[in-house]
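What follows is a set of notes on a single structure, which appears directly below.
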Amino acid sequence: MTVTISNPSTTNQDFKITPLDAPLGAVVTGLDASKPVDPATILRLKQAHRNYHILIFKNQKLTDEQLKNFAYYFGDLFVPLDETPVLASKVGFTPVVIPVANIEGGFTGTGELSFHSDHQWTPYPSSGSFLYAEEVTTKGGETAWLNLNLAYEALDDVTKERIKDLQLITYNPFVRTPDSPRRLYRTDTTTPLVAPVFPHPLVRTHPESGLKILSLGYETEVSLVGVDPEEGSALISQLRQHLNQPKFYYEHKWSVGDIVYWDNQSTLHRRNAFDPSERRVLKRISLGGSRPF
């Protein structure tokens, strides 16, 4: 199904929202994100975002300021606390527009990044993010998004009952004791904490759609509150194995001018590795969020 939307208040703003033949996602064509957008259009885009979890805006050309202005239509920008640093944080400052790039001043390098949710270790995780492609590789560097509502609904009833009231701690990967091993589950409860932790529901309710979400990243260190460490580790391993299924995700091949706006509350995302000799320059902006429930 293709939906055509007319915007009479601006020129050249007739656009289409076309759902992907995938577990999530829709493509937006014909909209110029560098121009002012009328209220009816924003409301329709927000509804599409709730329905499809990610929107892919094609053929854009924006400055950093224009990208920021477009993001503001959808919410306040994410501002981390000093004690909970995130990607690109320095003491007292985290840039609004972050270069996800393998050039000087860029972040995340060229290697594979496993499925994760941005800022899940903070008290109020980001509600969503925008990623805008300025330079892309000829191969590699694809980004996949995973539908966490589908993943939850695919669980058996016994597992749903077992996890419905559990609280998950996600440990901040940007605050670690030097030379400490990277773990998938914290089994040693005597290890001193080097940063504040914020338990959130393992099964989260989406604040707008009401959908149930299996709110768990694939490789970040976690623990379950009040659960025996061995039992918790086994349960998380089982759930992560369940998550890692192609039927839950869509993989995006980037083109210059793409903006992907994803719901950070209901999806995970990952990146494939790419050739370090090729330049890949994307810009990311994240939106603020609320306390998970």
Side-chain angles (χ1 to χ4, degrees), residues 1-7 13-33 37 41-60 70 74 100 112-118 127-133 136-156 204 206 208-218 239-274 280 282 284 287:
M1 179 182 68
T2 299
V3 181
T4 303
I5 302 172
S6 179
N7 182 343
Q13 289 287 295
D14 290 345
F15 68 96
K16 295 180 180 180
I17 301 175
T18 305
L20 295 170
D21 182 16
L24 71 171
V27 175
V28 181
T29 53
L31 184 142
D32 186 348
V37 184
T41 294
I42 292 298
L43 290 173
R44 290 186 173 97
L45 289 173
K46 287 186 173 184
Q47 182 61 58
H49 193 248
R50 282 194 294 272
N51 291 342
Y52 303 117
H53 306 282
I54 65 171
L55 295 179
I56 304 164
F57 298 85
K58 302 295 290 185
N59 302 314
Q60 303 298 316
F70 184 61
F74 301 92
V100 179
E112 179 183 354
L113 301 176
S114 63
F115 274 120
H116 63 283
S117 175
D118 292 336
S127 64
S129 292
F130 295 78
L131 197 57
Y132 169 50
V136 302
T137 54
T138 56
K139 63 179 181 178
E142 300 88 359
T143 304
W145 280 269
L146 188 151
N147 186 330
L148 288 173
N149 170 249
L150 278 185
Y152 171 78
E153 295 297 344
L155 291 169
D156 61 81
R204 179 178 181 176
H206 193 281
E208 295 175 357
S209 69
L211 295 174
K212 294 296 184 182
I213 304 299
L214 180 56
S215 188
L216 173 68
Y218 195 68
L239 293 173
R240 283 172 163 163
Q241 186 176 15
H242 169 76
L243 281 172
N244 193 29
Q245 300 185 63
K247 66 180 180 180
F248 298 140
Y249 65 80
Y250 157 74
E251 186 169 273
H252 182 64
K253 173 66 175 176
W254 289 94
S255 297
V256 171
D258 285 354
I259 300 174
V260 179
Y261 170 34
W262 71 90
D263 190 331
N264 202 51
Q265 303 161 127
S266 62
T267 69
L268 301 178
H269 57 283
R270 75 160 193 222
R271 184 192 69 197
N272 294 336
F274 60 95
R280 183 180 187 271
L282 291 83
R284 193 195 76 182
L287 300 178

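Treat the numbers as computed from the prediction; the structure is a model and nothing was measured.
- If you take OG on Ser117 and CD1 on Ile213, they are separated by 10.5 Å, rounding to the nearest 0.5 Å.
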task = Go through Phe57 and Leu45 one step at a time and tell me if the side-chain contact (heavy atoms from CB on, under 4.5 Å) criterion holds.
result = CA-CA 11 Å; Phe57 298 85; Leu45 289 173; 4.1 Å; yes
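- Panel note: side chain Gln245, backbone His242; a donor-acceptor pair is recorded below 3.5 Å.
- The minimum heavy-atom distance linking Leu282 with Ala133 is given by the pair CG-CA, 3.8 Å.
- Side chains of His269 and Leu131 form no contact here, defined as non-hydrogen atoms less than 4.5 Å apart.
- No donor-acceptor distance shorter than 3.5 angstrom exists from the side chain of Asn264 to the backbone of Ser129, with no hydrogens or angles considered.
- Interatomic distance, Asp263 CG to His206 NE2, rounded to the nearest 0.5 Å: 3.5 Å.
- Annotation for Ala151 and Leu243: closest pair CB-CD2, 3.6 Å, computed over non-hydrogen atoms.
- Side chains of Ser266 and Asn149 form no contact here, defined as non-hydrogen atoms less than 4.5 Å apart.
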Step-by-step side-chain hydrogen bond (donor to acceptor under 3.5 Å, both in side chains) determination, Gln47 to Arg50 = CA-CA 5 Å; Gln47 182 61 58; Arg50 282 194 294 272; 2.7 Å; yes
message = What verdict does the side-chain contact (heavy atoms from CB on, under 4.5 Å) test give for Arg240 and Phe115, after you've listed the backbone C-alpha separation in whole Å, the side-chain angles of each residue and the deciding distance to 0.1 Å?
response = CA-CA 10 Å; Arg240 283 172 163 163; Phe115 274 120; over 6 Å; no
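- Nearest heavy-atom pair across Phe15 and Thr29 is CB-O, 2.9 Å.
- Nearest heavy-atom pair, Gly257 versus Tyr132, reported as atom, atom and distance to 0.1 Å: CA-CE1, 4.0 Å.
- Of all non-hydrogen atoms in Ala33 and Ile259, the two that sit nearest each other are CB-CD1, 4.3 Å.
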ask   = Under the side-chain contact (heavy atoms from CB on, under 4.5 Å) criterion, do Phe74 and Ile42 qualify, and how do the steps go?
value = CA-CA 8 Å; Phe74 301 92; Ile42 292 298; 4.1 Å; yes
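- Proximity of Arg284 to Asp118: side-chain heavy atoms (C-beta onward) are separated by under 4.5 Å at one or more points.
- At least one side-chain heavy atom of Leu20 sits under 4.5 Å from a side-chain heavy atom of Ile56.
- Ring centroids of Tyr261 and Phe70 are separated by 6.0 Å or more, keeping the two rings apart.
- Using a 4.5 Å cut-off on side-chain heavy atoms (C-beta onward), Leu211 and Tyr152 make no contact.
- To the nearest 0.5 Å, atom CG of residue Leu24 and atom CG of residue Leu148 are 9.5 Å apart.
- Screening residues 247-256 for salt bridge (charged side-chain N to carboxylate O under 4.0 Å, His left out), with sequence neighbours left out, gives Glu251-Arg270.
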ask   = Can Trp145 and His53 be said to form a ring-ring contact (aromatic ring centres under 6.0 Å, His included), step by step?
value = CA-CA 9 Å; Trp145 280 269; His53 306 282; over 10 Å; no
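- Using a 4.5 Å cut-off on side-chain heavy atoms (C-beta onward), Leu146 and Thr267 make no contact.
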request  = For the pair Thr41 and Leu31, evaluate side-chain contact (heavy atoms from CB on, under 4.5 Å) and give the outcome as yes or no after the intermediate values.
outcome  = CA-CA 10 Å; Thr41 294; Leu31 184 142; 3.9 Å; yes
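- Side-chain contact between Val28 and Lys16 is absent, with no heavy-atom pair separated by less than 4.5 Å.
- Here the closest heavy-atom approach between residue Gly217 and residue Leu268 is recorded as CA-CD2, 4.1 Å.
- Side chain of Thr143 to main chain of Arg271: no donor-acceptor pair is present (N/O by atom type, distance under 3.5 Å, no hydrogens or angles).
- Other residues, nucleotides and ligands place no more than 12 heavy atoms under 6.0 Å from the CG atom of Asp21.
- In this structure, CG in Leu150 is found 14.0 Å from OH in Tyr249, a value given to the nearest 0.5 Å.
- The structure places NZ of Lys58 at 3.5 Å from CG of Asp258, a figure rounded to the nearest 0.5 Å.
- Residues passing the ring pair (Phe, Tyr, Trp, His ring centres under 6.0 Å) test with Tyr250 are His252, sequence neighbours excluded.
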